[in-house]
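These numbers come from the heavy atoms of this one structure, side chains and all, not from hydrogens, waters or symmetry mates.
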Amino acid sequence: MNIKKWMWQITTISVVCVLLLKPELVSLALFVDTLGLDIFLLLIEVQIVAVGGYYFHTWFKPLLMPFYKCLLKADPYFFIPTKDSVGKYPMILCHAVPFLMLLIIGVTVAKPVIDMA
């Protein structure tokens, strides 16, 4: 017997039973029982991603753009790579961390002087 499928069935039954305890949630319990818990959770996840994307593009992105432009002026190696370039060259993500490339170049080029006296 598939343990994962068995666990989903037990979880679905327990969630439906808990929802049936309150009379106002009977219709939700029947909906979850009809769809299955995994599809119901997937529907909720899609809604959360859609709302999160909307708020990111309308509220957070305009607030972060001046900071992004300042980083572009301060760090010549900083840029945010595309998904395709990350798929081809995963190490390019080092450029997405501000001042990391400057630190790496500074450590490799400027060797510390060790005084043996």
Spatial distance of atom CD (Gln9) from atom CG (Asp38) [nearest 0.5 Å]: 10.5 Å
Ile92 side chain near Phe79 side chain, heavy-atom distance below 4.5 Å: yes
Ring-ring centroid check Phe78 Tyr68, cutoff 6.0 Å: yes
From CG (Leu64) to NZ (Lys69), nearest 0.5 Å: 12.5 Å
Set of side chain to side chain donor-acceptor pair (under 3.5 Å) partners for Thr11, sequence neighbours left out: none
Any residue meeting ring-ring contact (aromatic ring centres under 6.0 Å, His included) with Phe60, in chain and number order, not counting sequence neighbours: none
Connected via hydrophobic side-chain network under 4.5 Å: Ile48 and Phe56: no
Pro81 versus Val86, closest heavy-atom pair with distance: CG-CG2, 3.8 Å
Note, Leu43 side chain near Leu35 side chain (heavy atom, < 4.5 Å): yes
Residues forming a side chain to side chain donor-acceptor pair (under 3.5 Å) with Thr34, sequence neighbours excluded: none
Single-linkage hydrophobic cluster, 4.5 Å side-chain cutoff, Val18 and Leu41 together: no
Over 12 non-hydrogen atoms of neighbours within 6.0 angstrom of CZ in Phe99: yes
Rounded distance (nearest 0.5 Å) linking atom OG1 of Thr12 with atom CE of Met7: 10.5 Å
CD1 on Ile44 to CZ on Phe40, rounded to 0.5 Å: 3.5 Å
Leu93 side, atom CG; Ser85 side, atom OG - distance, nearest 0.5 Å: 8.0 Å
Single-linkage hydrophobic cluster Leu30~Leu28, side-chain heavy atoms < 4.5 angstrom: yes
Min side-chain heavy-atom separation Leu20-Leu25 under 4.5 Å: no
Option passing side-chain contact (heavy atoms from CB on, under 4.5 Å) with Trp8 (candidates Asn2, Leu37, Ile3): Leu37
ILVMFWY network linking Met65 to Leu71, side-chain heavy atoms under 4.5 angstrom: yes
Residue pair Pro62 / His57: nearest heavy atoms and the distance that separates them: CD-O, 3.6 Å
Same apolar cluster: Phe67 and Val97, side chain cutoff 4.5 Å: yes
